[in-house]
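Whatever order the structure lists ligands and atoms in, that order sets their numbers, starting from 1. In what follows, residues are counted from 1 in the order of the sequence shown.
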Amino acid sequence: MGVRSWRSFFVLLWVYFFGIKLGRGDTICDLKGCNCTVKVAKWKSVNCSLSGVQELRLDLYRIPLETVDVFITGGEKIALGPKSFDQMPGLALLHIEGTRSVVMEKQSFRNVTTPSLIIQIQNCDQLSIKTGAFDGVQSSIEVEIVRCGSVNVEKTAFGKLKSALFRDVEELVLATETFEFKNQGSIGRHGPVTTIFFDHVTITTIPPRTFFSSLADVTFRNSHITEIKSEAFSANQISSITFTNSSIDYIDSNSFISRTLIYNFKLQKCTIKQIREGAVMSAITNLTVQHSNITEIQSGAINSTVAKVDISDNAIRNLQSSSVTFNNWNKISFDHNIVFNLHAHSIQAPVNPDVVEFSFSGNEIFKFSQSALSFVPDLDDHVFVFKDNFFEQTCHCTLDEWIVELINANITTKINKIANNTFCRVTDFLSQCFELKVGVINVKNFTQLVCNSNFTVVCEPYKGETKIVNTTIAIFTDQDSDSSSHWLTVIITTTSILILLVIITSTVMLIRGSRWLKRKGYFRKIQYNQNNEHSNDEENTIETVDEGDKLDISEDLTMELLQDLSKKLDDPLTHQEASEMIEQLYQKYIHNMGSENNNQQEDEAHLYEELGNLQIADANKQQSGPRSILRLMEEKFNTHFEDIDADDRPALVGEYSEPSDAAVHLYSELRQNKDESENKDSLKSRGSSNMAFRPLPDKPGSSKML
Ligand SMILES: *[C@@H]1O[C@H](CO)[C@@H](O)[C@H](O)[C@H]1NC(C)=O
Ligand SMILES: *[C@@H]1O[C@H](CO)[C@@H](O)[C@H](O)[C@H]1NC(C)=O
Ligand SMILES: *[C@@H]1O[C@H](CO)[C@@H](O)[C@H](O)[C@H]1NC(C)=O
Ligand SMILES: *[C@@H]1O[C@H](CO)[C@@H](O)[C@H](O)[C@H]1NC(C)=O
Ligand SMILES: *[C@@H]1O[C@H](CO)[C@@H](O)[C@H](O)[C@H]1NC(C)=O
Ligand SMILES: *[C@@H]1O[C@H](CO)[C@@H](O)[C@H](O)[C@H]1NC(C)=O
Ligand SMILES: *[C@@H]1O[C@H](CO)[C@@H](O)[C@H](O)[C@H]1NC(C)=O
Ligand SMILES: *[C@@H]1O[C@H](CO)[C@@H](O)[C@H](O)[C@H]1NC(C)=O
Ligand SMILES: *[C@@H]1O[C@H](CO)[C@@H](O)[C@H](O)[C@H]1NC(C)=O
Ligand SMILES: *[C@@H]1O[C@H](CO)[C@@H](O)[C@H](O)[C@H]1NC(C)=O
Ligand SMILES: *[C@@H]1O[C@H](CO)[C@@H](O)[C@H](O)[C@H]1NC(C)=O
Ligand SMILES: *[C@@H]1O[C@H](CO)[C@@H](O)[C@H](O)[C@H]1NC(C)=O
């Protein structure tokens with residue numbers, strides 16, 4: 001092998017490993033793996049397949065001037081140097097695919113003069129578009145970047161742009177003034193034409209003035225943006241901005257500046273952590289926020305002139321005070337949202353002559369401040385639509401006052417409209433009384449049923465309006481943990497939780513264990529039996545009871561059984577047996593009641609506590625424990641047990657004319673303890689006659705039962 005052959009061998013090797021330098025005067029057509037074919041007349045097509053490690057650098061006059069399409073596949077790196085496509089009159093398509101790294105340098109598309117040029121970059125690891133890459137371009141440029149690992153677009157990269165598509169980009173880095181078009185020229189005559197579309201793209205930050213020139217459309221779909229910086233959207237006009245199925249962590253103050261005019265601004269199916277103070281200041285024709293989860297909208301977050309607002313089907317955790325202000329609005333719909341925290345003056349909508357409608361319907365509000373709906377008083381009745389809203393609020397008879405606080409005004413028509421169309425939550429006790437599954441009823445209906453002039457409640461199946469409220473969605477539990485938080489905190493928290501769990505478990509086991517013992521009859525409670533032969537020494541001692549000694553209590557608590565027990569109690573011979581039976585029955589009864597309501601409310605627990613203490617309070621009276629418990633059970637039986645027609649129900653309450661303390665207590669809570677000093681009114685069970693007034697029992701000092 002001669003020296004010449006050796007030399008060419010090494011040159012080949014060099015080229016193979018370290019890239020291709022086209023020699024002086026060589027064109028791309030001279031390159032191994034490239035084919036330049038004639039398409040029509042003089043117009044050519046370039047088709048190159050580079051090997052995996054080849055690097056190619058293009059510059060002036062490397063591509064034949066008559067080229068229409070350039071296809072390059074493969075290769076390690078392609079650099080488009082300055083003037084790579086200079087003075088090419090027919091260039092229509094540049095397609096680069098499967099190349100690891102692509103760089104478009106400054107002025108790489110200088111003096112491209114064709115009417116339109118499509119640039120497609122696909123399947124790359126890295127793409128970098130440098131400042132001024134499209135300087136001096138006359139064509140309308142369409143860029144499509146698809147399936148790339150990391151894409152870096154520098155400031156003023158596109159001098160002129162018709163459309164840009166970024167799809168499946170793992171990391172897109174944008175710069176200040178990335179979308180500034182210095183050479184947009186005549187194509188903006190009928191408003192901006194440029195559209196920019198991001199699909200399945202991850203962007204860490206959208207820096208200030210990224211969207212600097214006017215745009216027809218900016219869409220983000222299936223994308224993640226960590227932070228939109230202040231003044232990120234600062235063009236004079238962006239006809240349409242859409243975020244859909246995307247997540248945005250933070251939208252900074254003044255991200256959408258007041259100078260910008262936006263015709264359609266849509267957020268759909270998005271997850272947003274925080275919209276910061278003054279984030280959206282632009283004038284907007286249509287603002288739409290739908291099916292989105294938003295953790296926080298800070299005070300003054302949206303403060304703009306918006307003609308038409310549609311905020312619906314969202315879950316919003318914190319809507320801070322004065323968080324959204326709409327000026328010069330025509331129509332506002334705030335419908336079907338779930339708001340966890342609705343703060344004072346949350347929505348501000350100063351009325352103006354062009355107001356058409358303000359709708360607030362189907363919302364579920366869980367916590368709210370006074371004046372949360374302070375927009376209501378200013379609205380004319382005919383423009384104010386209010387329907388079907390739920391407020392997490394226990395129903396009571398002074399809800400009118402609550403509505404006055406909510407809207408911060410005392411206007412009868414508004415109060416009526418709100419009461420007619422608002423739902424509140426009834427206590428478990430009333431829920432059972434009305435046989436309500438969901439426990440949520442219309443305020444007006446509640447008022448009609450409970451707050452009538454006689455102050456009586458008739459327990460019968462409720463047929464009015466109810467509403468199903470969903471409290472299981474993530475917004476209620478999702479307090480995002482900051483990943484940057486210290487390990488120490490994590491460890492301490494975990495340890496505390498573990499310790500807490502151990503404590504809870506032991507407590508639960510203790511309680512359960514003693515309950516089990518009680519249920520099985522091993523645990524005797526005799527404190528109310530002071531009149532008979534048991535001595536106080538035996539109190540709270542555990543003793544086993546023979547299986548045969550146990551009383552046989554039939555599964556169903558019936559009125560007959562209670563009446564029978566009542567008779568036995570009167571007979572000295574059977575008195576003791578009846579007392580024990582009543583005691584067990586009562587324990588079982590209370591136990592069952594407890595397990596039916598797994599969502600026991602505080603006030604009901606309180607109620608049971610008082611019931612449990614009845615026997616202590618009454619211990620010294622003529623009527624001893626078993627008697628009062630029996631009467632209590634009869635009354636509870638009357639109130640709770642399933643639907644027996646009024647006629648069928650035995651008139652037991654007539655025999656024991658005193659009302660139960662339970663009912664009085666409950667009713668007093670309904671009235672919000674308003675007239676604490678006055679005599680309390682009675683709650684009437686269905687089918688019973690009117691009951692005498694009776695004072696609320698004193699709260700017992702201690703509770704040994706349960
Ligand atoms: C170039 O084109 C010719 C004819 O169209 C074809 O035979 C040849 O395989 C091509 N070469 C390459 C590297 O594509
Ligand atoms: C480029 O050439 C390869 C074969 O060398 C061929 O498979 C491919 O279809 C060509 N591409 C175009 C767009 O003509
Ligand atoms: C190429 O661009 C330069 C400046 O960008 C300009 O002076 C020159 O006239 C252009 N040439 C053609 C043929 O467009
Ligand atoms: C929404 O975006 C996620 C993540 O980008 C994607 O997995 C999902 O398919 C998208 N959903 C729809 C309906 O496009
Ligand atoms: C605003 O939305 C309505 C439909 O809700 C549409 O008819 C109207 O054209 C939109 N306005 C603009 C400026 O796009
Ligand atoms: C809304 O912006 C105006 C000025 O544009 C300011 O005076 C007002 O205080 C802002 N309102 C809120 C609630 O931030
Ligand atoms: C509302 O006004 C009426 C009379 O106009 C008054 O009776 C009522 O007490 C007021 N309610 C509140 C909560 O101020
Ligand atoms: C509320 O409903 C009652 C009927 O239940 C009706 O008479 C009244 O007009 C309604 N008020 C409003 C403001 O809708
Ligand atoms: C008041 O009580 C009487 C009898 O007790 C009953 O007929 C009447 O319907 C009750 N009124 C209301 C508003 O419930
Ligand atoms: C209350 O319930 C009745 C049926 O019991 C129903 O007709 C009515 O529309 C409900 N609403 C109001 C506000 O009364
Ligand atoms: C409540 O919302 C969760 C999550 O959105 C859903 O899975 C569940 O079916 C809903 N429950 C009801 C009763 O609508
Ligand atoms: C919002 O949260 C709910 C419940 O957690 C979930 O079902 C829904 O998909 C979320 N929506 C978005 C846009 O992430």
Ring centres under 6.0 angstrom apart (Phe212, Phe179): no
Validation row, ring centre Phe386 to ring centre Phe358 under 6.0 Å: no
Cystine candidate Cys36-Cys29, SG separation under 2.5 Å: yes
Protein non-hydrogen atom found under 4.0 Å from atom 7 (O) of ligand 5: no
Side chain, backbone, both or neither: the part of Cys270 lying under 4.0 Å from ligand 12 by heavy atom: backbone
Phe71: numbered ligand 2 atoms lying under 4.0 Å from its heavy atoms: 13 (C)
Heteroatom proximity flag, Tyr263 to ligand 5, N/O under 3.5 Å: no
Modelled atom types, side-chain donor and acceptor of Gln298 and Gln320, under 3.5 Å: no
Under 4.0 Å from a heavy atom of [X]: give me the atoms of ligand 12 that qualify, with their elements.
X      : answer
His291 : 13 (C)
Asn293 : 1 (C), 2 (O), 3 (C), 8 (C), 10 (C), 11 (N), 12 (C), 14 (O)
Lys269 : 13 (C)

Residue Arg100 excluded, over 12 heavy atoms near CZ under 6.0 Å: no
Contact (N/O only, under 3.5 Å) between Asn47 and ligand 2: yes
Check: Ser246 side chain, Ser223 main-chain N or O, donor-acceptor pair, under 3.5 Å: yes
Cation-pi, Phe197 ring and Arg167 (6.0 angstrom, 45 degrees): no
Looking at [atom], what's its closest protein heavy atom, distance included?
atom                    : answer
atom 13 (C) of ligand 5 : Thr285 CG2, 3.6 Å
atom 14 (O) of ligand 5 : Asn264 ND2, 2.8 Å
atom 5 (O) of ligand 5  : Lys308 NZ, 3.0 Å
atom 11 (N) of ligand 5 : Asn286 ND2, 2.8 Å

salt_bridge(Lys39, Asp69) N-O dist < 4.0 Å: yes
Option passing side-chain hydrogen bond (donor to acceptor under 3.5 Å, both in side chains) with Asn337 (candidates Asn389, Asn314, Asp313): Asn314
Nitrogen or oxygen atoms of Thr271 and ligand 12 under 3.5 Å apart: yes
